[in-house]
Student: 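This is the structure I want to talk about, given as structure tokens.
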Amino acid sequence: MRPTWDEYFMEIARQVATRSTCLRRHVGAIIVRDKRILSTGYNGPPKGLRHCDEVGCLREQLGIPSGQRQEICRGLHAEQNAIIQAALHGVSVEGGTVYVTHQPCITCAKMIINSGIVRAVCASTYPDELSRGMLDEANVALEVWETPSDNRSNDQEG
């Protein structure tokens with residue numbers, strides 16, 4: 001059975017997440033348009049800096065809960081890295097879909113909106129109503145993707 005396009009791209013996003021060196025959460029993102037991958041990203045520090053699994057996590061050391069004080073995290077989010085990589089290589093993501101292993105936070109939602117991405121598909125939710133509200137207000141479809149138990153079909157568009 002062939003996977004649906006959403007299954008296919010979400011599985012690739014999960015594979016991208018395996019590159020993450022974050023001590024708290026491994027997140028992967030891919031940006032797709034017209035069934036073609038434009039860019040990928042995972043959460044981690046800026047280019048050339050040591051990774052969190054090498055130097056530790058300040059937010060972890062200070063006991064800061066998930067979703068708080070992101071400004072002291074040395075890493076970028078997967079969506080940010082995917083958008084930056086596209087920009088760095090002159091690839092427009094306008095009209096695309098971002099597949100992410102976790103729901104975008106408010107910062108990533110704003111970047112998704114301004115980059116022209118029109119659909120965000122995430123595999124799990126995140127307690128950030130502001131993010132959901134902004135994506136909705138900007139007409140960016142946010143879909144929580146669930147692994148279908150037996151929803152595969154052989155007659156899908158190819």
Side-chain angles (χ1 to χ4, degrees), residues 3-47 49 51-53 57-60 62 64-148 151:
T4 67
W5 287 107
D6 282 348
E7 288 173 312
Y8 175 71
F9 291 127
M10 190 57 71
E11 190 57 39
I12 294 170
R14 284 191 177 111
Q15 185 63 36
V16 170
T18 66
R19 293 280 307 151
S20 172
T21 57
C22 178
L23 300 175
R24 287 187 162 196
R25 182 175 302 183
H26 292 201
V27 182
I30 67 168
I31 302 173
V32 174
R33 187 179 56 235
D34 299 327
K35 300 177 188 158
R36 301 287 182 255
I37 297 171
L38 304 175
S39 183
T40 66
Y42 54 88
N43 56 330
K47 179 172 59 174
L49 299 185
H51 290 268
C52 300
D53 62 357
C57 174
L58 182 58
R59 292 174 66 229
E60 190 72 24
L62 296 175
I64 297 171
S66 179
Q68 297 180 15
R69 302 283 322 269
Q70 294 177 15
E71 73 278 5
I72 65 170
C73 177
R74 68 186 289 115
L76 291 121
H77 288 184
E79 305 94 315
Q80 294 168 345
N81 273 325
I83 291 168
I84 290 166
Q85 284 302 308
L88 184 65
H89 296 287
V91 176
S92 172
V93 297
E94 188 170 12
T97 296
V98 62
Y99 289 85
V100 192
T101 57
H102 296 73
Q103 178 187 313
C105 71
I106 186 61
T107 302
C108 290
K110 291 185 270 188
M111 289 182 70
I112 288 166
I113 292 164
N114 275 1
S115 70
I117 291 171
V118 297
R119 180 176 177 238
V121 180
C122 61
S124 65
T125 59
Y126 187 79
D128 191 336
E129 292 300 322
L130 185 56
S131 167
R132 289 186 204 131
M134 288 187 89
L135 289 168
D136 185 55
E137 184 179 346
N139 294 315
V140 174
L142 176 63
E143 301 171 23
V144 177
W145 184 82
E146 297 178 18
T147 306
N151 256 359

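What you see is a predicted model; the values in this text were computed from it and never measured.
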Student: So, for A109 and P104, which heavy atoms are closest and what is the spacing to 0.1 Å?
Tutor: N-CB, 4.2 Å

Student: If you round to the nearest 0.5 Å, how far is CD of Q15 from OG1 of T40?
Tutor: 11.0 Å

Student: Output yes when a side-chain donor or acceptor of S39 lies under 3.5 Å from a complementary backbone atom of A82, and no otherwise.
Tutor: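 A pair under 3.5 Å: yes.
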
Student: If you apply the rule side chain to side chain contact (heavy atoms under 4.5 Å, CB included), what do you find for T125 with R132, and how did you get there?
Tutor: CA-CA 10 Å; T125 59; R132 289 186 204 131; 3.8 Å; yes

Student: Step through the shown structure and confirm whether more than 12 heavy atoms of other residues, nucleotides or ligands are within 6.0 Å of CD on E71.
Tutor: yes

Student: Any heavy-atom pair between the side chains of Q103 and S131 that's under 4.5 Å?
Tutor: yes

Student: Side-chain contact test, heavy atoms from C-beta onward, threshold under 4.5 Å: evaluate it for T21 versus P45 and give yes or no.
Tutor: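 In short, these two side chains touch, coming nearer than 4.5 Å.
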
Student: Taking the side chain as every heavy atom from C-beta outward, state whether P46 and L76 have any pair of such atoms under 4.5 Å apart.
Tutor: yes

Student: On a heavy-atom basis, which atom in R14 and which in A123 lie closest, and how many Å separate them?
Tutor: NH2-CB, 3.7 Å

Student: Calculate, to the nearest 0.5 Å, the distance between atoms CG and CD belonging to N43 and Q80 respectively.
Tutor: 10.0 Å

Student: Distance from E7 atom CD to Y99 atom OH, nearest 0.5 Å?
Tutor: 10.5 Å

Student: Does R19 reach the main-chain N or O of G28 with its side chain, forming a donor-acceptor pair under 3.5 Å?
Tutor: no

Student: Side chains of V140 and V118, heavy atoms from C-beta outward: is any pair under 4.5 Å?
Tutor: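 In short, these two side chains do not touch, never coming nearer than 4.5 Å.
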
Student: Considering non-hydrogen atoms only, spot the tightest contact between I117 and G96 and give its length.
Tutor: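 Looking at all heavy atoms of both residues, the shortest contact is CG2-O, 3.3 Å.
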
Student: Are V93 and I112 side-chain neighbours, meaning at least one heavy-atom pair lies under 4.5 Å?
Tutor: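 In short, these two side chains do not touch, never coming nearer than 4.5 Å.
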
Student: Answer whether the closest heavy-atom distance between the side chains of L62 and I72 falls below 4.5 Å.
Tutor: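 Yes, close enough: below the 4.5 Å cut-off.
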
Student: What heavy-atom pair brings R33 and G95 nearest, and what distance separates the two atoms?
Tutor: CG-O, 4.0 Å

Student: Measuring from atom CE of M134 to atom CG of L142, what distance do you get when rounded to the nearest 0.5 angstrom?
Tutor: 13.5 Å

Student: Quick check for you: to the nearest 0.5 Å, what is the distance between R74 atom CZ and H51 atom NE2?
Tutor: 9.0 Å

Student: Quick check: closest heavy atoms across V16 and I30, and the distance to 0.1 Å?
Tutor: CG2-CG2, 3.9 Å

Student: Considering only heavy atoms from C-beta outward, does the side chain of L23 approach that of E60 to under 4.5 Å?
Tutor: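 No, too far: nothing below the 4.5 Å cut-off.
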
Student: What's the shortest heavy-atom distance between F9 and R36, and which atoms?
Tutor: CZ-N, 4.5 Å

Student: So how far is it from R24 CZ to C52 SG, rounded to the nearest 0.5 Å?
Tutor: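 Here the interatomic distance stands at 10.5 Å.
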
Student: State which residue, out of C122, S115, C108, fulfils the side chain to side chain contact (heavy atoms under 4.5 Å, CB included) condition with E79.
Tutor: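 For E79, the side chain to side chain contact (heavy atoms under 4.5 Å, CB included) check succeeds only for C108.
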
Student: State, with a plain yes or no, whether a side-chain heavy atom of H77 is found less than 4.5 Å away from one of H102.
Tutor: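 In short, these two side chains do not touch, never coming nearer than 4.5 Å.
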
Student: Check the orientation of W5 and Y8. Use parallel for under 30°, tilted for 30 to 60°, and perpendicular for over 60°.
Tutor: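 Taking Y8 first and then W5, their aromatic rings stand perpendicular (interplane angle over 60°).
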
